[in-house]
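Report on one structure; see the data block that follows.
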There are 2 protein chains.
Amino acid sequence: MGKKKETITIYDVAREAGVSMATVSRVVNGNPNVKPVTRKKVLETIRRLGYRPNAVARGLASKKTTTVGVVIPDISSAFYAELTRGIEDIANMYHYNIILCNSDLKKNKELQLIDALLEKQVDGLLFMGGEVTEEHREVFAGASVPVVLAATHDEERPYVTIDQVKAAKDATSILIKEGNQRIGLIGGPLTDAIMGQPRYQGYREALEESGIGFEEELVRLGNYRYQSGLDAMQELLALPEPPTAVFAVNDEMAVGAIHAVQDAGKKVPEDVSVIGFDNIPLASQVRPRLSTVAVPMYDIGAVAMRLLTKYMNDETIEDNQVVLEYRIELADSTRLKNEGEE
Amino acid sequence: MGKKKETITIYDVAREAGVSMATVSRVVNGNPNVKPVTRKKVLETIRRLGYRPNAVARGLASKKTTTVGVVIPDISSAFYAELTRGIEDIANMYHYNIILCNSDLKKNKELQLIDALLEKQVDGLLFMGGEVTEEHREVFAGASVPVVLAATHDEERPYVTIDQVKAAKDATSILIKEGNQRIGLIGGPLTDAIMGQPRYQGYREALEESGIGFEEELVRLGNYRYQSGLDAMQELLALPEPPTAVFAVNDEMAVGAIHAVQDAGKKVPEDVSVIGFDNIPLASQVRPRLSTVAVPMYDIGAVAMRLLTKYMNDETIEDNQVVLEYRIELADSTRLKNEGEE
DNA sequence: CTGTTAGCGCATTCAG
DNA sequence: CTGAATGCGCTAACAG
């Protein structure tokens, strides 16, 4: 494996076919300015020699690599995996490949990855991640290729995302409409400007505007993982006056919360309603099925990638900061059903 | 966004620093044969000019791209997402980037993707997918770079995987040890030579060797998804003499099966034991927690990538066909506990 | 320790 | 419609 066949180049094809490199280049690139007869002849010797164009050489000569860089927090997360699928499908459709990098939300790693991607001369960059800091802005501004943010937001850049605050507010409102007076929050880190902060804010605004009011004691912060949701719920249940409903800012924690309730011998949604966020497959693979904010993960990726292709092809862009719609998906972990649509 | 700064090259740096291109190239590549003083001088003007090496040009000149191609069925599947994370982590550790492509298990798409990846001059290829056909073998053999299979198997190629048949047999044996006489199978397509077929075979062998015997009527085939597992289980429960235990060949279907049992008013594992396969996060995020075959997904990816780096660096390779160990993870969907370890 | 010289394989003017 | 010439930005001998 890995034998070094003598590499056969465009020059070899030209010689064998009795034409010039330029002509071979033309047929390879589908340039119409080639007489059908010679095209056929070239195509035939290409096949005969088993010629395979070298995209690196082409990239150097044409200054286009038909490759885009994708920086993502963690591909093993259901949320980002689905988003990435949307990206890759559209990329593939437009004949781009994606170089995928996991950042684990670490700023320095993000910065370093972006740099490496730019060195590789990607034609564009799709960035998903934590906060866009001043340093990010500098790197983006210094890039000579377009950068689009997905599931992230920064006024200086094109982006595709949803209205996190509003969605969190809507989710909380469902619980309010159910008549709950004590509504808990299982949040993410408030230092997380992308999800943690805005979803917390939406929760808080909903409670304050409803007159129920915000209570610090009903708030627990987790790390978005199942176990942390379970732990948080246990704490909330141990309160002198436990909540009768809980908004968990992502589905994994919400499911953890459901199980904590069940472990305590209580029922969801009869004793405690639970609503999640994201609508990853897990949401519909547990019992009771989880009510949640359905984020169009695939579409965020797909639309972001499509936007990026527009930049790369210098198409005219009508809207470069896209806020996608979400739905509130009411299943069996809340008492309210079939309403409260977006 | 996308302004074209005048690109600054190694030549500019050389001129500004008063040295030759070669020297600049040396410091950029960490070649020790440079006097510290000149190194410092070069480094300084690199910073001053904001020089960024062009990896495409480097790739053309050096015939190395430090990029590997990864062909995967579907990144949005929990199984492959985790596997990919293992790949990317090791790739990153060895300073490689990965170009990720989804094949949806379609042979023609796989072949086409492999070809595109080779055009891009990847230094190696990691292939995950369905069956390795004769056509695959030809393409792999024609590649001038190493190819490693992950979670797939073909005697002609290096690979990293687990023993699917044995694992399926072990899983089934658990159910036999529990004393079940009627043990159902929720399998994958038998045309799937990678998972569907061997897991079916393991199930069958276990039953036949135990003396219980194989019964066609206890077998249902799904498509690895939750709903198909649920449907399959409903059919099994409708049998005149329904099974008291079921082996589902992946976790999603197993969870679907659990819910079908519960929907029928029966309990898991009291009325029906269920064991799954893979051990994706879902397995421990449902109640009862799913007993399952714990496949080291991350490790398969990581080891495969490491093996690939060995090929790419011409390291000596002791073992190029690696069969990783799995565990049987007994949780709450089976009656047997804490035993049956690998 | 440093500079010179050739390409790497291809796209792209510019002629014809 | 086709060919010749040039260079993309860099690495890699080879000298010195």
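Quick caveat: nothing in here was measured; it's all calculated off a predicted structure. The figures that follow rest on heavy atoms only: side chains count, while hydrogens, waters and symmetry mates do not. Chain letters run A, B, ... following the sequence lines, proteins first and then strands; every chain starts at 1.
- Following rounding to the nearest Å, A:Tyr11 (OH) and D:dG3 (P) show an atom-to-atom distance of 13 Å.
- Scanning for side chain to side chain contact (heavy atoms under 4.5 Å, CB included) contacts around A:Lys120 gives A:Ile99, B:Ala55, B:Thr66, B:Thr67, B:Asn97, with sequence neighbours left out.
- Contact check, A:Ser20 against D:dT2: no side-chain N or O comes under 4.0 Å of OP1 or OP2.
- Within the structure, ring pair (Phe, Tyr, Trp, His ring centres under 6.0 Å) pairs that include any residue of residues 115-140 of chain B comprise B:Phe127-B:His136, B:Phe127-B:Phe140 (at least two apart or interchain).
- Checked against side-chain hydrogen bond (donor to acceptor under 3.5 Å, both in side chains), B:Lys106 has no partners two or more places apart in sequence or in another chain.
- Nucleic acid contact class of A:Ser25 (heavy atoms, under 4.0 Å, all strands): base.
- Closest to the side chain of B:Ala22, from the set D:dA13, D:dG3, D:dC10, is D:dA13.
- Rounded to 10°, the helix from C:dC1-D:dG16 to C:dG16-D:dC1 has 30° between the axis fitted to its first five pairs and the one fitted to its last five.
- Distance CZ (B:Arg26) to P (D:dA12): 11 Å, rounded to an integer number of Å.
- Summarising the geometry, the separation between CD1 on B:Ile8 and P on D:dC10 is reported as 8 Å, rounded to the nearest angstrom.
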(request) Step by step, work out the side chain to side chain contact (heavy atoms under 4.5 Å, CB included) result for B:Met312 and B:Tyr94. (result) CA-CA 11 Å; B:Met312 294 188 296; B:Tyr94 285 86; over 6 Å; no
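- Rounded to whole angstrom, the span from the CG atom of B:Asp12 across to the C1' atom of D:dC8 amounts to 13 Å.
- Within residues 28-45 of chain B, the residues having any heavy atom closer than 4.0 Å to DNA chain D are, in order of number, B:Asn29.
- Scanning for side chain to side chain contact (heavy atoms under 4.5 Å, CB included) contacts around B:Arg26 gives B:Ala22, B:Thr23, B:Asn31, B:Val34, with sequence neighbours left out.
- Applying the side-chain hydrogen bond (donor to acceptor under 3.5 Å, both in side chains) test to residues at least two apart or on different chains, the pairs with a partner in residues 70-87 of chain A are A:Asp74-A:Ser76, A:Asp74-B:Arg85, A:Arg85-A:Asp89, A:Arg85-B:Asp74, A:Arg85-B:Asp104.
- Between B:Arg48 and B:Glu16, at least one side-chain N (NZ, or NE/NH1/NH2) sits under 4.0 Å from a carboxylate O, which counts as a salt bridge.
- Less than 4.0 Å separates DNA chain C from at least one heavy atom of each of the following residues of residues 46-67 of chain B: B:Leu60, B:Ala61, B:Lys63.
- The list of ring pair (Phe, Tyr, Trp, His ring centres under 6.0 Å) pairs with a residue in residues 34-55 of chain A, not counting sequence neighbours, is empty.
- Using a 4.0 Å cut-off between charged nitrogen and carboxylate oxygen, A:Arg47 and A:Glu44 count as a salt-bridge pair.
- Looking at which nucleotide of DNA chain C each of A:Ile10 and B:Thr23 is closest to, the 5′-most match is held by B:Thr23.
- Scored by the side-chain hydrogen bond (donor to acceptor under 3.5 Å, both in side chains) test, A:Asn92 finds no partners at all (sequence neighbours excluded).
- Partners of B:Asp154 under the side chain to side chain contact (heavy atoms under 4.5 Å, CB included) rule, at least two apart in sequence or in another chain, are B:Val132, B:Arg137, B:Leu149, B:Glu156, B:Arg157.
- Nucleotides of DNA chain C with any atom under 4.0 Å from a heavy atom of chain B span, from 5' to 3', C:dC1 to C:dG9.
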